[in-house]
Number of protein chains: 2
Amino acid sequence: MSLRHAALGLLALRGEASGYDLLGIFNESLEHVWPATQSQLYTELGKLTDAELVQVVAEGGRGRKAYAVTEAGRKEFEHWLLEEPPTTNRRNDMLLRVFFLGLVPPEQAREFLLGRAAAAAEMHERLRGVEESLTGEQGPLAVHGRIALEWGLRYSAMQDEWARWAAGQLTAEGAAEQPG
Amino acid sequence: MSLRHAALGLLALRGEASGYDLLGIFNESLEHVWPATQSQLYTELGKLTDAELVQVVAEGGRGRKAYAVTEAGRKEFEHWLLEEPPTTNRRNDMLLRVFFLGLVPPEQAREFLLGRAAAAAEMHERLRGVEESLTGEQGPLAVHGRIALEWGLRYSAMQDEWARWAAGQLTAEGAAEQPG
DNA sequence: GAAAACATGTAATTAGTTACATGATTAA
DNA sequence: TTAATCATGTAACTAATTACATGTTTTC
């Protein structure tokens, strides 16, 4: 139920914001970490209000409602952030396919893995571009954004290397090599 | 909708199996890649039968039904396996928390990251145990299982290193260091 | 005779997606 | 005046989880 905590956290960062404002942040900054749809977000803000974890602090034109976290909301958020262990993502579509690669000819299995390597390499390059555009940025948000970005860089590099190694395992020569 | 394809794939591997048999494989072999509940699996087998991607090939005692993939099912499975690009897992609970680490004192943020490093190291050790128990195993299933295991080893190593690096970034000394 | 294992199914709930539906304000 | 942006809300559907519900066969 992390959308709830993402919303609380964004309100804690911003002080106050409307659903529309939050949606903008989800689409800009959290798109690759915790996407949310408009429908889901407005529904969640309603539930958070009922639970008294946030409250409407201002109403503006066009039906705009500005929300802020309550004391209870802040507490709930910090409990989640530091006390609750992050749930690891158990489902992995790609590894599921690897499990079944024995059902197709080795050459097609190899192609699959090399395709994954290429996709990872592409992602890596895209992130390197983001990294470059970030040099010179200051502030605490830049620090944590940089840390998350570094995760992506290492993840995509790992995936690229692994997939190329795995493709090697499927060839006669590769099967004799040691992993690493 | 990968549960559908996981079920098709397992039936393709096995030739035929009951819902109960498949559930055993999900719990043993696919637990860390694509978990499924009993309720979900039986429901899916019903849908797959309606869609004529599988069919009941035998009925036994205790209401047992043995399923096998149809020609259409095999086709659908192979299309999924090789043609459809794997969907990358977009939501990452841990990175979401990293995004908000600026909201708590640096020492608590550092603790959070070192906790993640420890969890990753623990996972790595657990997988190394699995790896050892696998040496000597033969056959194509062992090859692909080994490839998936290697992903887990590299992933956990990456996460451990990254989290320790990130914790370093949050200290005065660490902030001056270069990433890598 | 009791427990374990085999075997299937449904109901209720939650999280998330897509689509539908409406309207106000601002900038070109 | 019209298009873009701002702004909110509901409905229908899918995937997944937890709980409920039942019964048979084998093994100790």
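Labels below follow one simple rule: chain letters A, B, ... track the order of the sequence lines, proteins then strands, and each chain is numbered from 1.
Placement of Y20(B) and V57(B) in two distinct hydrophobic clusters is found when ILVMFWY residues are connected by side-chain heavy-atom separations under 4.5 Å, directly or transitively. Under a hydrophobic-cluster definition in which Ile, Leu, Val, Met, Phe, Trp and Tyr are linked whenever side-chain heavy atoms come within less than 4.5 Å, directly or via other members, Y42(B) and L8(B) are assigned to different clusters.
Taking R90(A) as the reference, E31(B) meet the salt bridge (Lys or Arg N to Asp or Glu O under 4.0 Å) condition, with sequence neighbours excluded. In this view, N27(B) and L23(B) satisfy the side chain to side chain contact (heavy atoms under 4.5 Å, CB included) rule, not counting sequence neighbours.
Salt-bridge formation is not detected for the pair R126(B)/E122(B): no Lys NZ or Arg NE/NH1/NH2 atom is positioned less than 4.0 Å from an Asp or Glu carboxylate oxygen. The residues E150(B) and R146(B) are annotated as salt-bridged, a charged nitrogen and a carboxylate oxygen being separated by less than 4.0 angstrom. R128(A) and E132(A) are not joined by a salt bridge, as no carboxylate oxygen comes within less than 4.0 angstrom of a charged side-chain nitrogen.
Near-neighbour residues of DNA chain D inside residues 13-34 of chain B, defined by a heavy atom below 4.0 Å, number-ordered: W34(B). Looking at residues 78-93 of chain A, you'll see R91(A) sit with a heavy atom under 4.0 Å from some atom of DNA chain D. Interface residues of residues 39-53 of chain A facing DNA chain C, ordered by number: S39(A), Q40(A); criterion, heavy-atom separation under 4.0 Å.
The side chain to side chain donor-acceptor pair (under 3.5 Å) with D93(A) is formed by just one residue from the set T87(B), T88(B), N89(B); it is T87(B).
Atom pair Y67(A):OH and dG9(D):C1' shows a separation of 10 Å (rounding to whole Å applied). When the C1' atom of dA24(C) is taken as reference, atom NZ of K65(A) falls 16 Å away, rounded to whole Å. Atom CD in E59(A) sits roughly 16 Å away from atom C1' in dC6(D) (whole-Å rounding). As a whole-Å value, the separation of Q38(B) CD from dA19(D) P is 13 Å.
Side-chain atoms of M94(A) and W151(B), non-hydrogen and from C-beta on, do get closer than 4.5 Å to each other. Contact annotation: the side chain of W165(A) approaches that of R154(B) to within less than 4.5 Å [non-hydrogen atoms, C-beta and beyond].
Toward the 5′ end of DNA chain C lies the nearest nucleotide of M1(A), the other residue of the pair G63(A) and M1(A) mapping further downstream.
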Could you pull out the protein-nucleic contacts involving nucleotides 25-28 of chain D (nitrogen or oxygen on both sides, under 3.5 Å)?
unit_1	atom_1	unit_2	atom_2	d
dT25(D)	O4'	R62(B)	NE	3.4

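Residue R64(A) places at least one side-chain N or O under 4.0 Å from the OP1 or OP2 atom of dA7(D).
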Problem - Residue pair F99(B), L13(A): steps toward the side-chain contact (heavy atoms from CB on, under 4.5 Å) verdict - result: CA-CA 10 Å; F99(B) 188 85; L13(A) 277 174; 3.9 Å; yes
